[in-house]
Asks: 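Sending over a structure as structure tokens; questions will come in a sec.
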Amino acid sequence: MDIYNVGNRIMNTYVYASPNGYIMIDTGYEHSLRDVEKKINKENIRLSDIKYIFLTHAHDDHAGFLNELLGRNKELKVIMSNKAMITLKRGQNSFEGGCSTFLAWVFCKFMGAFGKAEHLFPSIEDKYDDRFIEITEANKTVLEELLQGKILYTPGHTSDSISLRVDNIIFCGDASMNGFPSMRRLTIWIENKVQFEKSLDILFAEDVDWIYPAHGKPFPKSDIKKSIKEISKIKLYKLK
């Protein structure tokens, strides 16, 4: 399976082909669509070829240009958790929970100095409401067929976090990360430690070799062991 990363150094935005059209995993920060479009065009893919967005969770770096993309691509639909819309309508990340390490807390404070402290993004306009598909037990099998994958519920980073297994990999969103300021594949923000640990167990239990995070390069699934061992040591550092 060909996977194209059309994101940037900060945020990965993956695209892959299915019999039902191209699938995009998350978007990116607001104002990033132009760069993403240039990159997919280099792969001979047009914005109109993207049929579904799989939204791993509603954060500013994952849903930032979602509104704009829906306006450009009239056929596009978004597959997401049934807990995501409240955040998408608010247009701002939740501040429940805290940073998983002191280094992550310093990084978040540093980002705040560059105007990113409020984590705002364009709220979803009401006219696009019918383009969103919330995952339920009733439609999950149908959606998995559309995506040619397996939907995994992986809350902890956020309550609406989901992942997608396709072939031998998992697109995990922010259920795990790779690279600064993440340590031992831990995500830098955790809303719920208990849910987070269970979600890592879910990722590790899948019979795959590779994890594709939203931040950092893909890494072997075996690295998830590093995160699981560290969870008991985590002290959450509040931002507000």
Asks: Of the non-hydrogen atoms in Leu69 and Thr27, which two are nearest, and what is the gap between them?
Replies: CD2-CG2, 4.3 Å
Asks: Nearest 0.5 Å please: distance from the CG atom of Asn93 over to the CH2 atom of Trp189.
Replies: 9.0 Å
Asks: Using side-chain heavy atoms (C-beta onward) and a distance below 4.5 Å, is Lys221 in contact with Ile170?
Replies: no
Asks: Are Leu55 and Phe132 side-chain neighbours, meaning at least one heavy-atom pair lies under 4.5 Å?
Replies: no
Asks: Kindly say whether Pro19 contributes a backbone atom to a donor-acceptor pair with the side chain of Gln148 at under 3.5 angstrom?
Replies: no
Asks: Provide the full list of salt bridge (charged side-chain N to carboxylate O under 4.0 Å, His left out) pairs with a residue in residues 147-163, sequence neighbours left out, each pair given once.
Replies: Lys150-Glu206
Asks: How long is the gap from CG on Asp2 to CD1 on Ile45, to the nearest 0.5 Å?
Replies: 9.0 Å
Asks: Check residues 210-218 and write down every donor-acceptor pair under 3.5 Å in which the side-chain atom is one partner and the other belongs to a residue at least two apart or another chain.
Replies:
{"residue": "His215", "atom": "ND1", "partner": "Ile10", "partner atom": "O", "Å": "2.7"}
{"residue": "His215", "atom": "NE2", "partner": "Asp61", "partner atom": "OD2", "Å": "3.1"}
{"residue": "His215", "atom": "NE2", "partner": "Asp174", "partner atom": "OD1", "Å": "3.3"}

Asks: Using 0.5 Å steps for rounding, measure from the CE atom of Met80 to the OG1 atom of Thr56.
Replies: 12.5 Å
Asks: Are Glu118 and Gln92 packed together at the side-chain level, in the sense that at least one heavy-atom pair is separated by less than 4.5 angstrom?
Replies: yes
Asks: Does Tyr153 share a hydrophobic cluster with Leu147, counting links as ILVMFWY side-chain heavy atoms below 4.5 Å and allowing steps through other members?
Replies: yes
Asks: Could you check whether any side-chain N or O of Lys51 sits under 3.5 Å from a backbone N or O of Ser48, counting only pairs where one atom can act as donor and the other as acceptor?
Replies: yes
Asks: Within the side chain of Asn168, is there an N or O that forms a donor-acceptor pair under 3.5 Å with the backbone of Asp209?
Replies: yes
Asks: Short question: side chain of His57, backbone of Ala84 - any donor-acceptor pair under 3.5 Å?
Replies: no
Asks: First locate atom CD1 of Ile162, then atom OG1 of Thr154, and finally report the distance between them rounded to the nearest 0.5 Å.
Replies: 7.5 Å
Asks: Is Val15 linked to Phe171 within one hydrophobic cluster, defined over Ile, Leu, Val, Met, Phe, Trp and Tyr using a side-chain heavy-atom separation of less than 4.5 Å?
Replies: no
Asks: In the hydrophobic clustering that connects Ile, Leu, Val, Met, Phe, Trp and Tyr at side-chain heavy-atom distances below 4.5 Å, which members other than Leu120 occupy its cluster, ordered by chain and number?
Replies: none
Asks: In terms of heavy-atom contacts, does NZ of Lys225 have more than 12 from other residues, nucleotides or ligands at under 6.0 Å?
Replies: no
Asks: Identify, with sequence neighbours excluded, every residue that meets salt bridge (charged side-chain N to carboxylate O under 4.0 Å, His left out) alongside Asp207.
Replies: none
Asks: I'd like to know if Asp223 and Arg184 make a salt bridge, using a cut-off of under 4.0 Å between side-chain N and carboxylate O.
Replies: no
Asks: Is it true that Ile202 and Ile190 fall in one hydrophobic cluster, defined by side-chain heavy atoms closer than 4.5 Å?
Replies: yes
Asks: Output yes when Lys198 and Asp201 qualify as a salt bridge under the 4.0 Å nitrogen-oxygen rule, no when they do not.
Replies: no
Asks: Give a yes or no on whether Met183 and Ile234 share a hydrophobic cluster (residues Ile, Leu, Val, Met, Phe, Trp, Tyr; joining criterion: side-chain heavy atoms under 4.5 Å apart).
Replies: no
Asks: Show me the donor-acceptor pairs within less than 3.5 Å that the side chains of residues 95-106 make with the rest of the protein, sequence neighbours left out.
Replies:
{"residue": "Ser100", "atom": "OG", "partner": "Thr187", "partner atom": "O", "Å": "2.7"}
{"residue": "Thr101", "atom": "OG1", "partner": "Ala104", "partner atom": "N", "Å": "3.0"}
{"residue": "Trp105", "atom": "NE1", "partner": "Lys238", "partner atom": "O", "Å": "3.1"}

Asks: Would you check if Phe65 and Asp35 make a side-chain contact, meaning some heavy-atom pair closer than 4.5 Å?
Replies: no
Asks: Report yes or no: does Ser176 contribute a side-chain atom to a donor-acceptor pair with the main-chain N or O of Leu186 at less than 3.5 Å?
Replies: no
Asks: Can you name the nearest heavy-atom pair linking Ser81 to Ile135, along with the distance?
Replies: N-CD1, 4.3 Å
Asks: Provide the full list of side chain to side chain donor-acceptor pair (under 3.5 Å) pairs with a residue in residues 3-24, sequence neighbours left out, each pair given once.
Replies: Asn5-Asn12, Asn12-Tyr14
Asks: Does any non-hydrogen side-chain atom of His62 lie less than 4.5 Å from one of Met11?
Replies: yes
Asks: Taking atom CZ of Phe54 and atom OG of Ser163, what is their separation to the nearest 0.5 Å?
Replies: 6.5 Å
Asks: Applying salt bridge (charged side-chain N to carboxylate O under 4.0 Å, His left out) as the test, list every pair that has at least one member in residues 16-34; sequence neighbours left out.
Replies: none
Asks: Report the residues that fulfil ring-ring contact (aromatic ring centres under 6.0 Å, His included) with Phe180, sequence neighbours left out, ordered by chain and then residue number.
Replies: Phe107
Asks: Return yes when atom CE of Met85 has more than 12 non-hydrogen atoms of other residues, nucleotides or ligands closer than 6.0 Å, and no otherwise.
Replies: yes
Asks: Suppose we screen for salt bridge (charged side-chain N to carboxylate O under 4.0 Å, His left out). Which residues come up paired with Lys39, at least two apart in sequence or across chains?
Replies: none
Asks: If you define the side chain from C-beta out and look only at heavy atoms, does anything of Leu66 sit under 4.5 Å from Ile124?
Replies: yes
Asks: Would you kindly say whether Arg185 and Asn178 are connected by a side-chain donor-acceptor distance under 3.5 Å?
Replies: yes
Asks: Grab the two heavy atoms, one from Ile23 and one from Leu146, that are nearest each other, plus how far apart they are.
Replies: CD1-O, 4.3 Å
Asks: Quick check on the hydrophobic clustering: are Met24 and Leu70 connected, directly or via other members, by side-chain heavy-atom contacts under 4.5 Å?
Replies: yes
Asks: Are any of the side-chain heavy atoms of Asn67 and Tyr128 separated by less than 4.5 Å?
Replies: yes
Asks: Between Glu197 and Lys193, does any side-chain N to carboxylate O distance fall below 4.0 Å?
Replies: no
Asks: Could you tell me which non-hydrogen atom of Ala175 sits nearest to which non-hydrogen atom of Leu203, and how far apart they are?
Replies: CB-CD1, 4.0 Å
Asks: Got a sec, which residues hit salt bridge (charged side-chain N to carboxylate O under 4.0 Å, His left out) with Lys233, two or more places apart in sequence or on another chain?
Replies: Glu230
Asks: Using a 6.0 Å cut-off, check whether atom CZ of Arg46 has over 12 heavy atoms from anything other than its own residue.
Replies: no
Asks: Taking ring-ring contact (aromatic ring centres under 6.0 Å, His included) as the test, write out the residues that go with Phe121, two or more places apart.
Replies: none
Asks: Counting only pairs under 3.5 Å, give me each side-chain donor-acceptor contact of residues 72-79, with atom names and distances, residues two or more places apart or in other chains.
Replies:
{"residue": "Arg72", "atom": "NH1", "partner": "Glu37", "partner atom": "OE1", "Å": "3.4"}
{"residue": "Arg72", "atom": "NH2", "partner": "Glu37", "partner atom": "OE1", "Å": "3.2"}
{"residue": "Arg72", "atom": "NH2", "partner": "Glu37", "partner atom": "OE2", "Å": "2.9"}
{"residue": "Asn73", "atom": "OD1", "partner": "Glu75", "partner atom": "N", "Å": "3.1"}
{"residue": "Asn73", "atom": "OD1", "partner": "Leu76", "partner atom": "N", "Å": "3.2"}
{"residue": "Asn73", "atom": "ND2", "partner": "Leu47", "partner atom": "O", "Å": "2.6"}
{"residue": "Asn73", "atom": "ND2", "partner": "Ile50", "partner atom": "O", "Å": "2.8"}
{"residue": "Lys74", "atom": "NZ", "partner": "Gly71", "partner atom": "O", "Å": "2.7"}

Asks: Working to the nearest 0.5 angstrom, can you tell me the gap between Phe204 CZ and Ile228 CD1?
Replies: 6.0 Å
Asks: Would the distance check show the side chain of Ser199 and the main-chain N or O of Pro155 forming a donor-acceptor pair, the cut-off being under 3.5 Å?
Replies: yes
Asks: Are Thr87 and Thr158 side-chain neighbours, meaning at least one heavy-atom pair lies under 4.5 Å?
Replies: no
